[in-house]
Number of protein chains: 2
Amino acid sequence: MARAPSGSDRSPATITDVARAADVSIKTVSRVMNEEKRVRPETRARVLEAAQALNYRPNVMARSLAAGRPFLVGLVYNNPSIHYVNAIQVGAMKRSSELGLHIVMAEPDSAENAITDLLQLAAETRLAGLILTPPIGDAPGLIDALLQADIKLAVVAPAAARKQVAQVRMDDVRAAYEITQLLIAKGHRRIAMIKGPPSHGASHWRATGFSQALTQAGIPIDPELFATGDFSFRSALAPTEKLLRLEAPPTAIFASNDDMAAGVIATAMKLGISVPERLSVVGFDDSPIATIVWPHLTTVRQPIAEMAARALDLLVAGDGEAEAEELAFDIIERGSTATPPAFVKK
Amino acid sequence: MARAPSGSDRSPATITDVARAADVSIKTVSRVMNEEKRVRPETRARVLEAAQALNYRPNVMARSLAAGRPFLVGLVYNNPSIHYVNAIQVGAMKRSSELGLHIVMAEPDSAENAITDLLQLAAETRLAGLILTPPIGDAPGLIDALLQADIKLAVVAPAAARKQVAQVRMDDVRAAYEITQLLIAKGHRRIAMIKGPPSHGASHWRATGFSQALTQAGIPIDPELFATGDFSFRSALAPTEKLLRLEAPPTAIFASNDDMAAGVIATAMKLGISVPERLSVVGFDDSPIATIVWPHLTTVRQPIAEMAARALDLLVAGDGEAEAEELAFDIIERGSTATPPAFVKK
DNA sequence: CTGTTAGCGCCTTCAT
DNA sequence: ATGAAGGCGCTAACAG
C-alpha cells in the first residue's frame, strides 16, 4: 500500500483548504478567484498567497455546476483535409486558452449520427456552444436541431448565411474569381476546374467565382471542362486524366483545393505532361502540400486558423443577434503557373 | 423578447425531472442510468421511458463531482507532423467515445510551459489522465512533475521505458533495421540517413536500427552520411543537397519520416537526380504524403492510431502497475526504391 | 428492491 | 467588506 512519496501534492487543494490557510471564509476566496470588487486588498493578497502556496486551481466542473457557466466548447469537424482540420484546431486552441475555455473535439463519423452525437455531447457537458466547421456546418437539419436544443453555434464558412447563427467566412467567390483571372491574364483560355464535393459550400462558391471570371473575360463555359472531386488527393487523379485526354485538353486546371491540385500535378507527370510548361495548375488553401509538390502551387491562402479563432470569439460573445464576419485572403503565385504553350495560343 | 419556438427542448432535463416523470426517487433513476443491478425490470423500463421522453442525459460534470470519477481525458501533443497528430487524434477519439470519455486537447506552445499548462489543465478539470504523445512525452522533468501531482499518464512511443507509467510503443529499431535491410538487399552499400530531431526518442531508435543493419551487413558506418532534420519537409532540403553533392554521394537515403523523405525527393528532382533510378529513398510513417509524392515512398506503416487507442485503454484500466505494450508495424515497398545504378555496383 | 440523508466544490442569494 | 445558508445535478453511503 505504498502511498504517494513525501513531497507529493496529494489530491488538488479545494477552496476550503485555501480558506482555512488564509483564515477567511470560502466565499472570500471565491470572490478573489473571480476578481470581484468587494475584497480588501490585504485580504486579497493573503488569499492569493495561500492559493499560490497550495497550488490551488478552482475545479471548473464544480464551478460550472454551481454557476451554470460553461468552461468547455465543442469543436466539430469532419473535413477530409487534415491540413484544414489542423489549422482549425490551432486557431481554436490558441483562442480558447486565452478565453479560459477547454476544447473538446467531436468528429461525427457520419452526417446522420452528427445530430445525435452532438446533442448528446452538449447535454452531457453543458458546453458553451459548438463551433461547426465545413462541411459539417452544412449538414441538412443539423443547425435546426441544435438550435432547437438551445445550443449556441458558430459556423465557419457555411454554405448559406443564416440569421440566428454566428458565422465567419472568407470570400471564396472573389478568391476563385481572382485566381482564375490570374490564369486568364497569362493567356489561358481553355481552363478546366475540378470542383469540390457538393456537400461543401465552398465548392459552389469557388465554381461560381471561376465561372464569373471566364464569363467576364468572354470565355465560353464548356461543361466538358468541369470535373468533381472530394477534396482528397486521390479523388483528383481520374478526373484529371480524363480532362487531359480530351481532344482539346485544357492548358490550365483550377483545383478546388491544394490536395486535389497535387493530384492534378501527379497525374500530369504520369502522363508526361510537364507543369507549368504544358499545363498550369492552381489550387486553393496554401496547405503545406502546396510547397511540397514540384512545382510549387499557385494558390489562395485562406485564413483558416483566424476563422476558427473568430468563431470562438463570436460564440462566447454571442449576446443575442448573430454576427457574421468576413476575413481576408491572399493569392499566392508560385511555380505551377505560366503562359500556355505557343501552339495553343490563337 | 421572442423566446424559443414552441417545440423547443428548453434547458436539458435533470435527474429530478425524470424521477418525477417516472414517479420514483432520483436514486432509482441514478441506478438505472448507471446500470446497477437492484432495480425491478418494470421500474427500470418506466425510468428509461421517461428519460427517453425527456431526452435526458446525465450531466457529466455533476456526475464527476459527485462520484469523483472523471469523464475527461487530456490528449497532449506537439508533433510537427500533422499527419501524426491527426492519426493520434483519430485513434484516441474513436476509443474515447467507446469509453464514454471526452477528449480535451492540449498543445503546449513550448516544453517549458508544458508543465505549468498541463498541471493547470489537470487541476481544473480533474481529468482521468493525460496521454502524452511524442515528443512531449520525453520533455525532461515533465513526467516527474505530472506524477508528483498525482496525474495518471499514458505515454505513446516514449524515448525511454519508465516504471510507473503506462506506455505503448512499436519497435522502431526493428522497423528501421528491416527497411535498411531492404535497401541493402537491393544492392545499396552507400546509404545515407537523415535522422530526426534528438528530442524525439524515435530519432535515436531509427538511427540505431539503421546502423545495426549496416554493421550486420559488413558496411562501414560513415559519419559523412548522417544528417539531421526536424521531421518537417523543409528541414530535409539542405541536408539532402549536401549529401547529394558529396564526392561519393549515397545511392540511397533513409529519411526518418515521410515528410523528410518527400523533401529528399524534391531536392533530388531539383538537382536532376532521378528517383529511384539514381537514388533510392525510404521514409517512415506511411503518411498520406507517401503516396502523393512521385515516385511513391517505400516506408514503414506505424500503427499510430492504434497506439493512441491502446494508450487510452491503459489509462483508464491503469489499476496500479504500469503496463507497456508493443504494437506491430509493416514495411511497405513502393516505387521510390530500386537497385542502385550500375556504375556504382562493385 | 427502493428511498433517505449526506456531500462532491463551488457560486448564489441573503445577511451582517 | 465579509460570512452563513442554500443549492447546482448527481452519487455514496446507509437505511428500510
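Here is the naming used below: chain letters follow the sequence lines, and residue numbers restart at 1 for every chain. It should be emphasised that the depicted structure is a prediction, and the values quoted were computed from it without experimental measurement.
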| field | P-based separation of C/dT5 from D/dG6 [nearest Å] | value | 15 Å
| What integer distance in Å separates B/Met33:CE from D/dC10:P? | 9 Å
| message | Could you report the tightest heavy-atom contact between A/Leu315 and A/Leu153, atom names first, then the distance? | response | CD1-C, 3.5 Å
| query | Thinking salt bridges, do B/Arg162 and B/Asp138 make one under a 4.0 Å N-O criterion? | reply | no
| query | What residues in residues 17-30 of chain B put a non-hydrogen atom under 4.0 Å from any atom of DNA chain C? | reply | B/Val24, B/Ser25, B/Lys27, B/Thr28
| message | Please determine whether a side-chain nitrogen of the Lys or Arg among B/Glu49 and B/Arg46 lies less than 4.0 Å from a carboxylate oxygen of the Asp or Glu. | response | no
| note | Taken to the nearest whole Å, CD/A/Glu36 to P/C/dC14 is 15 Å
| field | Donor-acceptor pair under 3.5 Å, A/Arg126 side chain vs D/dG9 base | value | no
| remark: Considering only heavy side-chain atoms of B/Asn59, the closest of D/dG9, C/dC10, C/dT12 is D/dG9
| query | Would you say the base of C/dG9 and the side-chain of A/Arg57 have a donor-acceptor pair closer than 3.5 Å? | reply | no
| Nearest-Å distance, CG (B/Asn34) to P (D/dA12)? | 7 Å
| field | Residue-phosphate contact under 4.0 Å: B/Arg63 side-chain N/O, D/dG9 OP1/OP2 | value | no
| said: For B/Gln89 and A/Glu107, which I'm curious about, is there any donor-acceptor pair between the side chains at under 3.5 Å? | reply: no
| remark: Whichever of B/Leu65 and B/Lys37 has the more 5' nearest nucleotide on DNA chain C, that residue is B/Lys37
| query | NA contact type, A/Tyr56, heavy-atom cut-off 4.0 Å: base, sugar-phosphate, or nothing? | reply | sugar-phosphate
| message | Please determine whether a side-chain nitrogen or oxygen atom of A/Arg69 lies at a distance below 4.0 Å from atom OP1 or OP2 of C/dC11. | response | no
| Contact class for B/Thr43 (heavy atom, under 4.0 Å): base, sugar-phosphate, or nothing? | sugar-phosphate
| Between B/Met61 (CE) and D/dC8 (C1'), how many Å, whole number? | 10 Å
| message | Name the residue from A/Asp117, A/Thr125, A/Leu119 that meets the side chain to side chain contact (heavy atoms under 4.5 Å, CB included) definition with A/Leu121. | response | A/Thr125
| Taking atom P of C/dG9 as reference, at what distance in whole Å does atom CZ of A/Phe71 sit? | 15 Å
| Ion pair check, A/Glu306 and A/Arg310, cut-off under 4.0 Å | no
| query | Does a side chain donor of either A/Asn113 or A/Asp109 reach within less than 3.5 Å of an acceptor in the other side chain? | reply | yes
| request: Just call it for A/Arg31: base, sugar-phosphate, or nothing, with non-hydrogen atoms closer than 4.0 Å on any strand. | output: base
| Spacing of A/Leu54 atom CG relative to C/dG9 atom C1', expressed in whole Å | 15 Å
